[in-house]
Amino acid sequence: MARKKFIAGNWKENGLLAEAKQLVQELIPLVKDITTADIAVCPPYLAIPAVHELIDGTNIQLGAQNAFSTEAKGALVQKGAYTGEVSPAMLKDAGCQWVILGHSERRQYFGETDEKVNVKVRACYEAGVKPIVCVGETLEERDGGKTASVVEKQIRGCLAGLPADRMAETVIAYEPVWAIGTGRTATPDQAQEVHAQIRGLLTELFGKDTAEAVRIQYGGSMKPDNAAELLAQPDIDGGLIGGASLKAGDFAAIIDAAK
Ligand code: 13P
């Protein structure tokens, strides 16, 4: 089965309202004729309503960068006394189709764990929002020869016990931490090796048909000049773009490379 490429922009903590609107207004005409890839932008929460309105009727989909849920009294929390948090159900209500979970910056700065991500994924399924689950090793782990074991632990933890019939709508993003925002991209071979490993794990956990349907994005300094060769790898099904998604022309060029 051919997997449609999926390019998503993670704006991170960037974009005052006026900037967010301008960015998306510049992007819309640049990508309007693209049918070969799915496209999404993930603005900061506060810009979501404005971006939602602007992309209505276009080929750009909407995502968020995080969501909160936990288990309480045997149920997945979608609302309640959790000051400062936003649930998958709220994101769905705001027009989001996607949510990034387990990004390395959330793991590093906000105590995100595989177990927490697992609960959030299930809450996303319940709410009807599709998760983009991020995994990836640090430089120290790569240099220590631990890449495969770190990624395996993250995949098994984040996806533990999930129903196979929901996995195909889940996206995995392999983002080596040492490549994020550093300008140091994984080589196509380095990325492909880990993507193939992830697909092997998905096969073991959910069966071959499901594993073949799941899209695995690469993230980490993906730019217009390296996107094509990364996206040409057999198990790289798209990109999760940070810095380059903040420039409409660069983001559009990456999307254009996903043919
Ligand atoms: P950069 O593209 O800025 O390296 O960020 C990648 C990323 O973290 C996307 O989630």
Side-chain angles (χ1 to χ4, degrees), residues 5-15 19-20 23 27 37-45 47-48 51 60-67 91 96-110 112 117 120-121 124 129-139 141-142 147 150-151 154-155 158 170-188 190-191 194-195 198 215-231 233 236-258:
K5 295 272 197 283
F6 178 28
I7 309 293
N10 174 8
W11 294 4
K12 307 192 179 179
E13 193 188 53
N14 295 291
E19 296 162 341
L23 176 54
L27 184 64
D38 288 331
I39 304 165
V41 291
C42 305
Y45 285 141
I48 283 175
V51 171
I60 302 174
Q61 302 176 24
L62 187 61
Q65 300 170 21
N66 183 34
L91 295 175
C96 291
Q97 291 110 310
W98 298 99
V99 61
I100 300 168
L101 295 176
H103 192 281
S104 62
E105 288 151 15
R106 297 219 57 88
R107 293 174 186 266
Q108 185 180 350
Y109 303 122
F110 304 102
E112 193 82 287
V117 172
K120 292 178 177 194
V121 170
C124 284
V129 185
K130 294 178 277 191
I132 300 173
V133 176
C134 303
V135 299
E137 81 287 1
T138 63
L139 185 58
E141 289 161 346
R142 174 159 284 264
T147 298
V150 167
V151 169
Q154 291 171 332
I155 289 284
C158 291
T170 303
V171 168
I172 308 293
Y174 169 56
E175 299 207 308
V177 178
W178 48 272
I180 294 175
T182 58
R184 185 180 160 190
T185 320
T187 66
Q190 281 174 325
V194 180
H195 282 234
I198 293 170
R215 292 182 291 187
I216 307 174
Q217 295 175 322
Y218 168 80
S221 299
M222 198 188 263
K223 309 276 182 217
D225 63 359
N226 60 29
E229 54 174 356
L230 284 159
L231 293 166
Q233 298 300 311
I236 300 184
D237 308 310
L240 187 54
I241 320 300
S245 74
L246 297 172
K247 292 192 190 126
D250 284 359
F251 191 51
I254 293 171
I255 294 163
D256 210 43

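Read the numbers this way: they start at 1 and go in the same order the structure lists the ligands and their atoms. Predicted model, so just to flag it, every value in this text is computed and none were measured.
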Margin query: Within ligand 1, which atoms have a heavy atom of E175 less than 4.0 Å away?
Written below: 6 (C), 7 (C), 8 (O), 9 (C), 10 (O)
Margin query: At less than 4.0 angstrom from any non-hydrogen atom of A179, what atoms of ligand 1 do you find?
Written below: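 Answer for ligand 1: 4 (O).
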Side-chain heavy atoms of [X] within contact of [Y], under 4.5 Å:
X    : Y    : answer
T185 : Y218 : yes
C158 : V121 : no
L23  : W11  : yes

Next item on the list: State, to 0.1 Å, how close G136 and Q154 come at their nearest heavy-atom pair, and which atoms those are.
Entry: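 Looking at all heavy atoms of both residues, the closest pair is N-OE1, 2.8 Å.
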Check: Looking only at heavy atoms, what is the nearest atom pair of P44 and G15, with distance?
Finding: CG-O, 4.2 Å
If you measure every N or O of [X] against every N or O of ligand 1, does any of those distances drop under 3.5 Å?
X    : answer
N10  : yes
G181 : yes
S221 : yes
I180 : no
G243 : yes
E105 : no

Notebook entry, point to check: Got a donor-acceptor contact below 3.5 angstrom from the Q217 side chain to the G238 backbone?
Noted result: no
Notebook entry, point to check: Is the backbone of A67 close enough, under 3.5 Å, to the side chain of K120 for a donor and an acceptor to pair up by distance?
Noted result: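 A pair under 3.5 Å: yes.
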Note to self: Just to check, does G220 reach to within less than 4.0 Å of ligand 1 when the distance is taken from its heavy atoms?
What the structure shows: yes
Check: Cut-off 3.5 Å, side chains only: do E175 and H103 have a donor facing an acceptor?
Finding: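 The answer is yes; a qualifying pair exists.
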Margin query: Starting from atom 2 (O) of ligand 1, what is the nearest protein heavy atom, named by residue and atom, and what distance separates them?
Written below: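 Residue, atom and distance for the closest contact: G242 N, 2.9 Å.
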Notebook entry, point to check: How far is atom 5 (O) of ligand 1 from its nearest protein heavy atom, and which residue and atom is that?
Noted result: K12 NZ, 3.3 Å
Item checked: Side chain, backbone, both or neither: S104 near ligand 1, heavy atoms under 4.0 Å ->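 Neither; nothing of S104 gets under 4.0 Å from ligand 1.
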Next item on the list: Give the contacting part of L240 toward ligand 1: side chain, backbone, both or neither, where contact means a heavy-atom distance below 4.0 Å.
Entry: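 Under 4.0 Å from ligand 1, L240 contributes backbone and side-chain atoms.
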Item checked: Heavy atoms from other residues, nucleotides or ligands near NZ of K223 exceed 12 (cutoff 6.0 Å) -> yes
